[in-house]
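What follows is a short report on a single structure.
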Amino acid sequence: MDGNKQHVMFVDDEQPILETYERMLRSERREWDLHFAPDADTALQIAAQHDLDVIVTDIHMKGKDGFDLIRALQASERTARIPIIVVTGDTKPTLKRRALDLGATDLLTKPLNREDMVARIRSALRLKAYQDQVEEQVRTLDTQVKERTRALERSHRDIVWRLAKAGEFRDDETGNHVVRVACYARAIAQGLGAPADFVNTLFLTSPLHDIGKIGIPDSILLKLGPLTPEERKTMQQHCHIGAAILSTEPRAVAVARHREVSGQDSEGDIPRNPLLHMAMAIARHHHEKWDGTGYPDGLARDAIPLEARIVALVDVFDALTSVRRYKPAFSLEKSIEIIHKDAGRHFDPELVAAFDHNRSEIVAIHSELQEAEAYWNPLEG
Ligand SMILES: [Fe+2]
Ligand SMILES: [Fe+2]
């Protein structure tokens, strides 16, 4: 609707009929803006220029007829919902049927009567106003849902990054390790052509791969020199601890308990967190090996979740190219050579291929996110 007036268009190839409409509806001009079209093409032009509220059209016209006009109006998103009143002198039921089947809202039979015409147009206008209102409500709801979803996603991301930060305090790897792992993982997932959702979730959750180290005693986590077999076993528990931290199980238990106590189903109130789901798979399985010799579950090949296979590769690559307590940083060439040697053993060969394919990006991430301070001391361990 332009301004306050509602727009009504009349289409007829006989000029005297259009003039009759004009005369008939003179007193309605205070509320309605009237448009007149002598053929279907002019009618479509007017419909493109104005937000029409009702169209009253003849069926039998020279050139494009009323049916062609209805079809053209229905085909465009902009005009598809405008109510159409068909005026015809033809009383054949087949013609009426066809007009209604095509989407006409109402039928008027000639000769026309002013009261009847005004009443039909008014009821079509009410229909249009109602439709506009519903559309507006749908748009508002849609915006609200999108805003809330975005807010929810922001809070999920926020929690994940805070958790990753907490993990950093417990590890001998400096902060940039988890950031590099996230960037390398994203580069490989993109190289594989993974869907954007997967790539984004992987980027956010891969920094949590070692969150389970929170539960490993300092005497083992910070030990200089090699671990005893017993200590290594304890260290390997970080996969289980990480998965337990990120597990959605406690939530399932809480939901079940709530249902028991209140008799209500609260499942719908607690949104499932897809970030936690992927983070858990990574925490548990990032030390699995392609040939099944890894831990904690000895999974092999595709049984290892893709996200965990990707993190397994980039975590090792970053450890190789970085300084650690127990080793200097290896050169890029040497690190890439080691990765290649382990393709099909430790690593998924397809991921090693994706790594090669995206080599320039991986080298760029490596040089951009290098550690400033090197703290390896060969005398220490
Ligand atoms: Fe780990
Ligand atoms: Fe790591």
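The figures here come from the full heavy-atom set of this structure, side chains too, leaving out hydrogens, waters and symmetry mates. Counting starts at 1 for both ligands and their atoms, in listed order.
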Enclosure of [X] [atom1] (heavy-atom neighbours >12, cutoff 6.0 Å):
X: H357; atom1: NE2; value: no
X: R30; atom1: CZ; value: no
X: R114; atom1: CZ; value: yes
X: R359; atom1: CZ; value: yes

Tell me the protein N, O or S atoms under 2.8 Å from the Fe ion (ligand 1), in chain and number order.
D210 OD1, H238 NE2, H286 NE2, H287 NE2
Less than 6.0 Å separating the ring centroids of Y21 and F36?
no
Name the orientation class of the two ring planes belonging to H286 and H209 (parallel below 30°, tilted from 30 to 60°, perpendicular beyond 60°).
perpendicular
